[in-house]
2 protein chains.
Amino acid sequence: MSEKIQQDIYPSMMISSQNKAEKIAPIKLGERLKEIRKSLNLTLEEASQKTGLARSTLSKIENEQISPTFQAMQKLTTGLEIDLPQLFTTPKQVTATGRRDITRNEEGKAHPTSTYEHELLATQLTNKKMMPFKSKVRARDFNDYSDWIRHDGEEFLLILAGEITFFSEFYEPVNLQQGDSVYYDANMGHMLISISEQDALILWVTAS
Amino acid sequence: MSEKIQQDIYPSMMISSQNKAEKIAPIKLGERLKEIRKSLNLTLEEASQKTGLARSTLSKIENEQISPTFQAMQKLTTGLEIDLPQLFTTPKQVTATGRRDITRNEEGKAHPTSTYEHELLATQLTNKKMMPFKSKVRARDFNDYSDWIRHDGEEFLLILAGEITFFSEFYEPVNLQQGDSVYYDANMGHMLISISEQDALILWVTAS
DNA sequence: TAACAAAGTTTCCTTTTGGAAACTTATGTT
DNA sequence: AACATAAGTTTCCAAAAGGAAACTTTGTTA
């Protein structure tokens, strides 16, 4: 009795976005936990002591035989003194000094939604101060959107192609064309629609 | 039987950090979920349809009577088309803090140097987390450069036009073309030269 | 390579989650 | 107000998670 359960997650510091069941490189929570534990040089027994979860439970989580409850995940994060997002993101080697990540055109990590088609950039690097991604904006209709998008931090966007109307909470809407850019407080409600013939292409960079 | 279980979590979009047992305002996962559902204007029934979780289960999660499994949380995030961190973070109060700055194409603040022609963006806003600017790179020759460029923080760059070779201290040089991007630790020595016919056009964003 | 110890896995059982349906509480409508 | 209906909660039970201990594997030493 050791069937693997479905337990993937989509990598995303992604903002207001959607992750339907799309083909995005999934991360195994169990593997990730094992990595973390190993990196801390802990045995299951030691991890058990620190987290208050049974040795057997930890083993089962690592081998993806069970799906931990939120409570268990909290015990994990507090016990091992890590942040929750760390459980969901794969940190490809982060050398102490210099890190670099190149993303070729159109080769970012896809993250499609109904109205946007996000392409996450520099996904190899974790713990970044900024989160850059490109989006194709398909929507040309308000109805495609439910409400303001709102999240922590600041956001910069640059129109790479097409034309959009950018809405934000305390301002009048503006039209933005190729080459135009906006910088704004992302806690302020914001959203945009494409008004060009083809999909608009946009670069976003977020920092919190 | 409706005792509230302990179910707090520390808010963290926070990137690199550990959270020792610091006193950070704890967030109730259930409350947060309810907020999100309300903001999406969904009833429990509708949310149930979208997520595949039973109406009753959702109710119990919202009222913190149960601690959802990771699987359940995934169903929540994919079904409601939100991101996992959203479940853990309290959206900042949006007051008058909203700021915004639009920079039209070619209308940034010019800042020419010998080999670059910088155009600073969003200069109206001060105290920004990020510093975005475009550059025309004229240089096609190593001699135009003295040495590595090095400064605090992290840097993201995207090739808007042309083609360049990007050099950085601990890596092999790479050629980058329109649409390609790099993210790197700016303390690591870096520089670039244009290798296209016309000047290359580049977007930089720096954060420290 | 036998013997032992330590690390990890599986079993077995208890506790908790998650779902269907019954029940209760709000929100209209005539 | 009485009724109807929608939204939300609670109950009850099946299914899954979590823990203690038995078991297996890996590593070390004589």
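Protein chains get the first letters and strands the later ones, always in sequence-line order, with residue 1 at the start of each.
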Contacts of B/Thr51 meeting side-chain hydrogen bond (donor to acceptor under 3.5 Å, both in side chains) (sequence neighbours excluded), chain-then-number -> none
Tell me every residue that passes side-chain contact (heavy atoms from CB on, under 4.5 Å) with A/Thr165, counting only those two or more places apart in sequence or in another chain.
A/Phe167, A/Pro173, A/Asn175, A/Ile193, A/Ile195
Partners passing ring-ring contact (aromatic ring centres under 6.0 Å, His included) against A/Tyr183 (at least two apart in sequence or in another chain):
none
So, OP1 or OP2 of D/dT10: does either fall under 4.0 Å of a side-chain N or O from B/Gln65?
yes
Could I get the full list of side-chain hydrogen bond (donor to acceptor under 3.5 Å, both in side chains) partners for A/Ser56, not counting sequence neighbours?
none
Under a 4.0 Å heavy-atom cut-off, which of residues 39-54 of chain A touch DNA chain C?
A/Thr43, A/Leu44
For A/Glu45, check side-chain hydrogen bond (donor to acceptor under 3.5 Å, both in side chains) against everything at least two apart and list the hits.
A/Gln49, A/Arg55
Dump the pairs, protein N or O against N or O of nucleotides 22-29 of chain C, anything under 3.5 Å, distances to one decimal.
{"from": "C/dA22", "atom 1": "N6", "to": "B/Arg55", "atom 2": "NH2", "distance (Å)": "3.4"}

What nucleic acid atoms does B/Thr69 come within less than 4.0 Å of, heavy atoms only: base, sugar-phosphate, or nothing?
sugar-phosphate
Pairing residues for A/Glu46 by the salt bridge (Lys or Arg N to Asp or Glu O under 4.0 Å) criterion, not counting sequence neighbours
none
Of the candidate nucleotides D/dA17, D/dG8, D/dG18, which contains the atom at the shortest distance from the side chain of B/Arg37?
D/dG8
For B/Thr206, all residues meeting side-chain contact (heavy atoms from CB on, under 4.5 Å), sequence neighbours excluded
B/Met131, B/Phe133, B/His151, B/Glu155
Protein-nucleotide distance (B/Phe70, atom CZ; C/dG18, atom P), rounded to Å:
13 Å
The helix from C/dT1-D/dA30 to C/dT30-D/dA1: angle between end helix axes, five pairs per end, rounded to 10 degrees
30°
Nearest to the B/Lys34 side chain among C/dT11, C/dT17, D/dT9, which nucleotide is it?
D/dT9
Under the side-chain contact (heavy atoms from CB on, under 4.5 Å) test, which residues partner B/Glu107, sequence neighbours left out?
B/Arg104
Closest nucleotide among D/dG18, D/dT10, C/dT17 to the B/Ser67 side chain:
C/dT17
With sequence neighbours left out, what residues match B/Thr103 under side-chain contact (heavy atoms from CB on, under 4.5 Å)?
A/Ser181, B/Leu121, B/Ala122
Within the structure, does a side-chain N or O atom of A/Thr57 lie under 4.0 Å from either OP1 or OP2 of D/dG19?
yes
